Protein chains: 2
Amino acid sequence: MDSTVSKRRTAARSGKRGVAGRPRGPRTGKPTAVERIVEEIRRGIKEGRYAPGQRLIESDLTQALGVSRGPLREAMSRLAGDGLVKIERNRGVTVRALTREEVRSISTIREVLEGLAARLAAAHIHEGSNREEFKRLWNEMQSVQVSSNAMEYVVANERFHTLIVRLSGNEPLAQLLDQLRTPVYRFQFRTRLSTDALRWGNEDHAEIASAILAGDPDRAERAMRRHLRHSAKLIDALPDEAFG
Amino acid sequence: MDSTVSKRRTAARSGKRGVAGRPRGPRTGKPTAVERIVEEIRRGIKEGRYAPGQRLIESDLTQALGVSRGPLREAMSRLAGDGLVKIERNRGVTVRALTREEVRSISTIREVLEGLAARLAAAHIHEGSNREEFKRLWNEMQSVQVSSNAMEYVVANERFHTLIVRLSGNEPLAQLLDQLRTPVYRFQFRTRLSTDALRWGNEDHAEIASAILAGDPDRAERAMRRHLRHSAKLIDALPDEAFG
DNA sequence: TCAAATAAAATTGTCCTACACTATTGCACG
DNA sequence: CGTGCAATAGTGTAGGACAATTTTATTTGA
């Protein structure tokens with residue numbers, strides 16, 4: 001039925017014949033239009049420049065971004081796959097609005113996955129320069145913690161989690177968590193990060209860091225999960241207006 | 001800079017969000033071209049009709065599927081987001097090939113997520129018609145188990161897991177797991193599902209089902225994780241040729 | 001003969017125009 | 001005030017064009 005589709009494998013490609021072309025840095029080249037669009041919209045949503053529920057109209061965006069509809073729609077497909085926008089047939093794209101229930105569901109997932117990441121990070125802390133790298137960031141964070149204002153906390157928090165996931169050595173996990181964090185990122189700016197909340201967060205971090213540096217997977221996982229539960233509670237305390 | 005972008009909210013749309021969302025209506029209409037393409041390719045990859053590493057050339061596919069490049073490329077973007085294909089700049093799309101390491105990483109993630117699903121399913125087994133629904137499938141599976149050949153086992157296995165995730169009541173989790181299962185699905189057909197392996201699998205299922213029906217979250221999670229570890233071991237036992 | 005160099009062919013990335021079809025909006029009418 | 005219908009906005013898809021880049025085929029030089 002689809003026998004017309006070429007089944008040829010890329011045999012030639014894997015064979016290293018043309019010695020001439022040393023593959024240059026893949027990521028370094030000028031980004032493709034789709035990549036630029038995805039990046040722009042993603043940042044916009046993350047930072048709240050595009051509000052949940054807001055319609056993203058093709059003609060507006062093609063004009064604003066100086067691209068044609070093709071790449072734009074590709075980008076939207078991609079963003080929809082990441083759950084950042086919602087595409088409805090004949091109705092176009094809207095910035096995805098999460099219900100309180102969905103946020104809870106995602107938090108539950110994040111709890112186990114970030115817990116896993118912490119566990120793995122602790123288990124691998126002795127490998128390579130992991131310990132050194134982790135210590136460096138941790139020291140850096142502690143010097144900031146004193147001045148903690150909400151914004152700085154959120155940024156530091158993100159770096160902390162990102163590093164831990166990276167040290168877990170599980171790349172798919174890193175991608176997945178990035179995907180899960182993005183849609184709820186903006187809530188962090190709405191939670192009134194009271195001085196107490198900030199201190200608790202920092203205490204959580206300290207406990208996590210301690211466990212990871214001690215190479216204690218169980219404790220690291222427990223601490224991380226507790227931390228995630230705390231964050232989830234802050235978000236869940238938001239009024240309904242913050243959702244949808 | 002992007003102030004030209006229309007910020008108008010869909011006031012009317014968001015207005016009735018209170019109740020909207022439940023009725024799964026829109027799926028019924030005729031599927032859009034992109035949806036058809038995605039579905040076709042996804043099935044093809046899952047079933048192994050498109051081999052890992054194989055190039056998917058636009059002109060071939062547009063002709064074979066009778067669509068134009070636009071929708072096709074949108075579909076590819078989406079598939080890439082799901083990790084089913086890989087898009088390289090100026091080089092097009094290839095069916096993603098997973099390294100052994102990636103498969104291991106994904107298995108690790110699945111273990112905790114499926115474990116979570118089982119835990120939640122057990123916790124919610126008393127709600128609604130969950131118990132009844134679960135029992136029905138379970139009975140059905142047991143009648144098939146006797147005749148177990150590999151193919152039937154794989155299908156039954158999938159239904160079992162899918163139902164459990166659904167009963168977990170965590171929709172994002174369901175989507176995520178579906179996404180994680182697809183790329184490794186094909187490996188199941190390569191593992192030599194020996195009679196022993198089959199029996200073990202069925203024993204695992206029995207233990208999981210028992211725990212869920214008993215409403216014992218801890219035991220359900222433990223059993224499910226063990227089951228996943230067993231599956232992962234089978235796949236990991238495959239020779240290198242099965243990967244890449 | 002074999003590999004480097006070069007020409008030719010494929011293939012992708014993007015823009016544009018067009019048009020059918022759906023959804024939304026605005027208005028005239030009852 | 002609704003209600004129905006026409007006008008308008010916006011999406012879904014096709015198809016043509018072309019530059020940029022990669023892949024394949026061909027020629028050339030040692």
Side-chain angles (χ1 to χ4, degrees), chain A residues 4-26 28-39 53-80 85-94, chain B residues 5-16 20 25-40 53-80 85-94:
Chain A
T4 63
V5 176
S6 154
K7 295 265 181 180
R8 75 194 100 124
R9 301 287 296 277
T10 323
R13 180 128 53 214
S14 42
K16 63 223 15 247
R17 9 149 82 254
V19 190
R22 194 68 313 138
R24 39 200 44 60
T28 36
K30 62 164 192 283
T32 192
V34 178
E35 286 164 356
R36 279 190 295 110
I37 302 170
V38 166
E39 209 34 60
Q54 180 179 336
R55 270 187 88 180
L56 299 179
I57 289 166
E58 292 184 355
S59 50
D60 288 341
L61 291 176
T62 52
Q63 211 193 318
L65 303 177
V67 297
S68 65
R69 288 178 69 200
L72 181 67
R73 289 177 61 94
E74 280 180 51
M76 289 307 171
S77 285
R78 212 134 100 191
L79 290 167
V85 301
K86 186 173 54 163
I87 300 179
E88 292 167 296
R89 215 206 328 271
N90 291 318
R91 290 184 165 191
V93 180
T94 52
Chain B
V5 175
S6 154
K7 294 266 182 180
R8 76 193 99 122
R9 301 285 298 277
T10 321
R13 181 134 52 216
S14 52
K16 56 186 55 185
R27 182 139 320 157
T28 40
K30 63 164 195 283
T32 192
V34 178
E35 285 164 357
R36 279 191 294 109
I37 303 170
V38 166
E39 209 34 59
E40 160 61 19
Q54 179 180 335
R55 268 188 90 179
L56 299 179
I57 288 165
E58 292 184 357
S59 51
D60 288 342
L61 291 176
T62 53
Q63 211 194 318
L65 303 176
V67 296
S68 64
R69 289 178 69 201
L72 181 68
R73 289 176 61 93
E74 280 181 50
M76 289 307 171
S77 285
R78 212 134 104 190
L79 291 167
V85 301
K86 187 173 52 164
I87 300 179
E88 292 167 295
R89 207 204 328 265
N90 289 318
R91 289 184 164 193
V93 180
T94 52

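This structure is a prediction, so every number in the text was calculated from the model and none was measured. In what follows, chains are A, B, ... by sequence order, proteins preceding strands, each numbered from 1.
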Exercise for the section: Please tell me if the side chains of Lys30(B) and Glu35(B) come closer than 4.5 Å, counting only heavy atoms from C-beta onward. Expected result: no

Problem - Closest contact, heavy atoms only, Val67(A) versus Arg36(A) - result: CG1-NH2, 4.3 Å

Problem - Atom pair CD/CG of Glu39(B) and Leu79(B) - distance to nearest 0.5 Å - result: 9.0 Å

Completion exercise
Rounded to the nearest 0.5 Å, the CD atom of Glu40(B) sits from the CG atom of Leu61(B) at a distance of 9.0 Å

Exercise for the section: Figure out the CD/P separation between Glu74(B) and dT13(D), and round it to whole Å. Expected result: 7 Å

Practice task
Round to a whole Å and report the spacing from CZ of Arg89(A) to C1' of dT13(D).
Solution key: 14 Å

Problem - Distance test, side-chain N/O of Ser59(A) to OP1/OP2 of dA9(D), below 4.0 Å - result: no

Completion exercise
From CG of Asp60(B) across to C1' of dA9(C) the rounded distance in Å is 15 Å

Exercise for the section: Using a heavy-atom cut-off of under 4.0 Å over every strand shown, decide if Gly92(A) touches base, sugar-phosphate, or nothing. Expected result: sugar-phosphate

Fill in the blank from the handout: Interatomic distance, CG@Asp60(B) vs CG@Leu72(B), rounded to 0.5 Å, equals 10.0 Å

Exercise for the section: Nearest-nucleotide wise, let me know which of Val93(B) and Gly66(A) is further upstream toward the 5' end of DNA chain C. Expected result: Val93(B)

Exercise for the section: Would you mind telling me which of dA23(C), dT13(D), dG13(C) lies closest to the side-chain atoms of Ala33(B)? Expected result: dT13(D)

Handout entry: Among dA14(D), dT14(C), dT11(C), the nucleotide that comes nearest once only the side chain of Ile57(B) is considered
Key = dT11(C)

Practice task
Could you grab the distance from atom CZ of Arg73(B) to atom CZ of Arg73(A), nearest 0.5 Å is fine?
Solution key: 13.5 Å

Exercise for the section: Measure from CZ on Arg69(A) to C1' on dT13(D) and round the result to the nearest Å. Expected result: 9 Å

Problem - Euclidean distance, atom CZ of residue Arg91(A) to atom C1' of dG10(D) [Å, nearest integer] - result: 13 Å

Exercise for the section: Measure from CD on Glu58(A) to P on dG12(D) and round the result to the nearest Å. Expected result: 6 Å

Handout entry: Distance, rounded to the nearest Å, where Gln63(B) contributes CD and dT13(D) contributes P
Key = 19 Å

Exercise for the section: Name the closest nucleotide to the Arg55(B) side chain, picking from dT21(D), dA23(C), dT11(C). Expected result: dT11(C)

So which protein N/O to nucleotides 6-8 of chain D N/O distances come out below 3.5 Å?
none

Exercise for the section: Check the distance between dA20(C)'s C1' and Lys30(B)'s NZ and give it to me in whole angstrom. Expected result: 10 Å

Fill in the blank from the handout: Output for pair (Leu56(B) CG, Glu58(B) CD), nearest 0.5 Å, gives 10.0 Å

